[in-house]
Amino acid sequence: MWDALKDQGSPLDASFLNIVLSNPEKRNALSLAMLKSLRSDILRDAESNDLKVIIISAEGPVFSSGHDLKELTEEQGRDYHAEVFHTCAEVMMLIRNHPVPVIAMVNGLATAAGCQLVASCDIAVASDKSSFTTPGVNIGLFCSTPGVALARAVPRKVALEMLFTGEPISAQEALLHGLLSKVVPEAQLQEETMRIARKIASLSRPVVSLGKATFYKQLPQDLEMAYYLTSQAMVDNLALRDGQEGIRAFLQKRKPTWSHEAA
Amino acid sequence: MWDALKDQGSPLDASFLNIVLSNPEKRNALSLAMLKSLRSDILRDAESNDLKVIIISAEGPVFSSGHDLKELTEEQGRDYHAEVFHTCAEVMMLIRNHPVPVIAMVNGLATAAGCQLVASCDIAVASDKSSFTTPGVNIGLFCSTPGVALARAVPRKVALEMLFTGEPISAQEALLHGLLSKVVPEAQLQEETMRIARKIASLSRPVVSLGKATFYKQLPQDLEMAYYLTSQAMVDNLALRDGQEGIRAFLQKRKPTWSHEAA
Amino acid sequence: MWDALKDQGSPLDASFLNIVLSNPEKRNALSLAMLKSLRSDILRDAESNDLKVIIISAEGPVFSSGHDLKELTEEQGRDYHAEVFHTCAEVMMLIRNHPVPVIAMVNGLATAAGCQLVASCDIAVASDKSSFTTPGVNIGLFCSTPGVALARAVPRKVALEMLFTGEPISAQEALLHGLLSKVVPEAQLQEETMRIARKIASLSRPVVSLGKATFYKQLPQDLEMAYYLTSQAMVDNLALRDGQEGIRAFLQKRKPTWSHEAA
């Protein structure tokens, strides 16, 4: 169901994992099959030292329309519904717990769980024609799970208005409120996304991994515990081979050579 | 003390509860009597299946000037002071815990506990001439309780500057920082507020109620617990009569007919 | 290492404590010595009733370049590294726990722990030529400790993009996202900072202190506990001599005269 991005505008190697939502006829609905595929794609190469960054993009004018509503009928039953939402939550948490940064590249409408997917990525770049909406309330299914990711990205009143009215916000509004990292014209979307991805791919994988894990770990803590955890992480980072190489290279005014070794 | 909004520009029915701060000579100060009246107004019809949305607005050029300072003198005494703040906090928490969304419609200055009231609503629409301030520090009474609602709506540095300097922010700044959901010219304030209210009134009450309660429940949780709670809520939502009707209507390409039944 | 700000544009008295990072040849690097000096400067006069506000500024075109990388080499060793980060965290927490507001006045680049210092102040005013960056990842040392302060000031996606790419944001972007309280042209930086500082210095010290402490105390709590703590603080504030004087003066339409007495 997922193909590697073909025309990347730049040679790709094992540093990049491109995950493409490629079911545009179904508006890239996040069916259970699609979610399982996404889960295994995200997990693919997670432990490879070569992998530096993941990019999630989509074919067609809709990034993703969210859950497949045919899977949420009464006939499918409660257990099936539970599996859908459980798998979806698992995908979102895998993104956060993944050792490398995950970038969403959005070119079009992201709806409900599709909006949740964008909000769950570490970085999100969108074309200026993109828009974002959590319209479940219109069809009697409040976007409570998308709300988890949304509420952690934007101010409360922005999230609540989106959730209660189901109305879309533009890419510019999404940028303003923190749902997106960057908005560019459609023609520059791939270039800008790849610029960020290449930058991340040029860094030391264990340094970035430790940094990402530490960031999310300290986030819910009080200030004292957050500083305890991160001060420890800084010391551990300096003890990494790449931590020492980086400081040394800086003081010697040369480019660092990363080993990407985990210790 | 509170009158129903008279000239609503649209026929009102039991779906809407209009609460109007209507003591403009006193700048709609939140005296203890006013707070108790507000509390009973908010509780009125809370359990009625007809009620879909609450709108809080105000008469006169000041939305609300906050607590009545005559009630906070030394002569009134500590117990009276405690009752004022306790009742105020109760009102703010009732708004959050209410089964239907509460919209603030602001046309003018909202000060101290008045600003807190706006920040505590789920949605806030304001005219562009409105402004917001927490000036207690000027008269030796730091706006600590308003700061609770403010700090949960805007970035920390915005809240702290407002609290430490007592200076007002404009409606546009309030929108930018997340205190407001929408800013419109004064002439369109009622129309825009009612547009949002009517939209919410057209939805299924038990779906919106479950969504609102779930949103605030997941908000302080870590990601795993938040997804656990909300995945459960999604399954429960689908089991609601209106959840099933909504999905069915969508797949059958017709408008849903809500029963508003709680199960 | 620290000199009092000389050309303040206004007479200064014991109300103001100016802490100036004054090692511009080293880009005001936060060496361990600098951090210890900063710590003792921040603690100086903390208990004096005269002190009303602290302003942290810097000499030269760089506000601060962050840690001194010469102190983070392998040769310095793990214990030394730990002391550096521990002392740095201590400084940041002292700012938050200080009885008076701390204002950062930024005119230039604030990097890594320098950016953390700005984010940790209660209020931050910057010239429009200033910029902010957490570029540790470029030299193999992820800005995990700066990320603590950054993540509590700006939306998550803004923080992560800064941390993962190491790219700077402008003063305007920093303002938009909540890292700064105000941005002004360079020529007005001192005037605007002093305007805010003088405003704070004109207030009652115990009222402001109680307000600041209460604000940070309620911030991580759930709504009910936050209102419990702050309602109590409001009652305590009213029992302060300056709390009573402030209300009385307001009702008597005269300027209050603060005693600055702690009870």
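Computed from a predicted model, the values in this text were never measured in an experiment. Hydrogens, waters and symmetry mates play no part in the numbers below; they use all other heavy atoms, side chains included. Chain identifiers are assigned alphabetically (A, B, ...) following the order of the sequence lines, protein sequences preceding nucleic acid strands; residue numbering begins at 1 within each chain.
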For chain B, find which of A:Ala149, A:Gly140, A:Ala159 contributes the most heavy-atom pairs closer than 4.5 angstrom. A:Gly140

Charged N to carboxylate O under 4.0 angstrom, B:Glu245 versus B:Arg254? yes

Heavy-atom distance under 4.5 Å to chain A: side chain of B:Leu251, backbone, both or neither? side chain

Interatomic distance, CG@A:Leu38 vs OG@A:Ser64, rounded to 0.5 Å, equals 9.0 Å

Ranked by heavy-atom pairs below 4.5 Å to chain B, first place among A:Val158, A:Thr73, A:Asn138 goes to A:Asn138

Among A:Arg152, A:His86, A:Met93, A:His81, residue most engaged with chain B (heavy-atom pairs, under 4.5 Å): A:Arg152

Side chain, backbone, both or neither: which part of B:Ser181 has a non-hydrogen atom closer than 4.5 Å to chain A? both

Applying a heavy-atom distance below 4.5 Å, give me the residues of residues 47-54 of chain B that approach chain A, sorted by number. none

Is there a donor-acceptor pair closer than 3.5 Å between any side-chain N or O of A:Ser209 and the backbone N or O of A:Pro99? yes

Chain A contacts: which residues in residues 113-125 of chain B have a non-hydrogen atom closer than 4.5 Å to it? B:Val118, B:Ala119, B:Ser120, B:Cys121, B:Asp122, B:Ile123, B:Ala124

Pick out which of B:Leu17, B:Ile42, B:Ile95 makes a side-chain contact (heavy atoms from CB on, under 4.5 Å) with B:Val102. B:Ile95

Among B:Thr214, B:Ile200, B:Leu238, single out the residue with the greatest number of heavy-atom pairs under 4.5 Å to chain A. B:Leu238

With chain A, which of B:Leu229, B:Thr230, B:Asp222 has the greatest number of heavy-atom pairs at distances under 4.5 Å? B:Thr230

Against chain B, work out which of A:Lys70, A:Glu74, A:Glu90, A:Arg96 has the most heavy-atom pairs shorter than 4.5 Å and name it. A:Glu74

In terms of heavy-atom pairs under 4.5 Å with chain A, which of B:Val208, B:Val235, B:Ile103 leads? B:Val235

Looking at B:Leu175 and B:Val183, what are the two nearest heavy atoms and their distance? CB-CG2, 3.8 Å

Hey, are A:Glu167 and B:Lys199 close enough for a salt bridge, meaning a charged N less than 4.0 Å from a carboxylate O? no

If one checks every heavy atom of B:Gln244 against chain A at 4.5 Å, the contacting part turns out to be side chain

Quick check: closest heavy atoms across A:Ala112 and A:Gly66, and the distance to 0.1 Å? CB-CA, 4.4 Å

Check whether B:Lys212 gets within reach of chain A through its side chain, its backbone, both or neither, counting any heavy atom under 4.5 Å. both

Rounded at 0.5 Å granularity, tell me how far CG in A:Asn28 sits from CG in A:Leu109. 11.0 Å

Which heavy atom of A:Phe63 sits nearest to which heavy atom of A:Ala110, and what is that distance? CD2-CB, 4.1 Å

Report which part of A:Leu176 has an atom under 4.5 Å of a heavy atom belonging to chain B: side chain, backbone, both, or neither. side chain

Among B:Gly243, B:Pro220, B:Gly211, who wins on heavy-atom pairs under 4.5 Å with chain A? B:Gly211

Taking every heavy-atom pair that is under 4.5 Å apart, which of A:Gly166, A:Ser144, A:Cys143, A:Pro155 has the most such pairs with chain B? A:Ser144

Is it true that A:Glu83 and A:Lys36 make a salt bridge, defined as a side-chain N closer than 4.0 Å to a carboxylate O? yes

Which atoms of B:Leu203 come close to chain A, meaning under 4.5 Å heavy atom to heavy atom: side chain ones, backbone ones, both, or neither? side chain

Return yes if some donor-acceptor pair links the side-chain N/O of B:Ser130 with the main-chain N/O of B:Ala126 below 3.5 Å, else return no. no

Begin with the C-alpha distance, continue with both residues' side-chain angles, and end with the deciding distance and a verdict on side chain to side chain contact (heavy atoms under 4.5 Å, CB included) for B:Ile55 and B:Ile19. CA-CA 6 Å; B:Ile55 302 163; B:Ile19 300 176; over 6 Å; no

Given a strict heavy-atom distance threshold of 4.5 Å, which part of B:Ala226 is in contact with chain A: side chain, backbone, both, or neither? both

Is B:Leu240 in contact with chain A via its backbone, its side chain, both, or neither, using a 4.5 Å heavy-atom distance? neither

Only counting residues at least two apart or in another chain, list the ones meeting side chain to side chain donor-acceptor pair (under 3.5 Å) with B:Lys129. B:Glu186

How long is the straight-line distance from CG of B:Leu94 back to CE of B:Met92, given to the nearest 0.5 Å? 10.0 Å

After noting the C-alpha distance and the side-chain angles of A:Tyr216 and A:Asn97, does the key distance pass the side chain to side chain contact (heavy atoms under 4.5 Å, CB included) rule? CA-CA 8 Å; A:Tyr216 286 114; A:Asn97 296 333; 6.0 Å; no

Heavy-atom pairs under 4.5 Å with chain A, option from B:Ile196, B:Leu179, B:Asp242 with the top count: B:Leu179

How about A:Phe85 and A:His67: are their ring centroids closer than 6.0 Å? yes

Highest number of heavy-atom pairs under 4.5 Å with chain A: which of B:His177, B:Met234, B:Gln221? B:Met234

Sequence neighbours left out, what passes side chain to side chain donor-acceptor pair (under 3.5 Å) with A:Asp68? Give chain and number order. none

Is chain B contacted by the side chain of A:Leu163, its backbone, both, or neither, given a heavy-atom distance below 4.5 Å? side chain

Inter-residue atom distance A:Leu180.CG - A:Glu173.CD, 0.5 Å rounding: 11.0 Å

Does one side chain, of B:Arg195 or B:Gln188, offer a donor that lies under 3.5 Å from an acceptor on the other? no

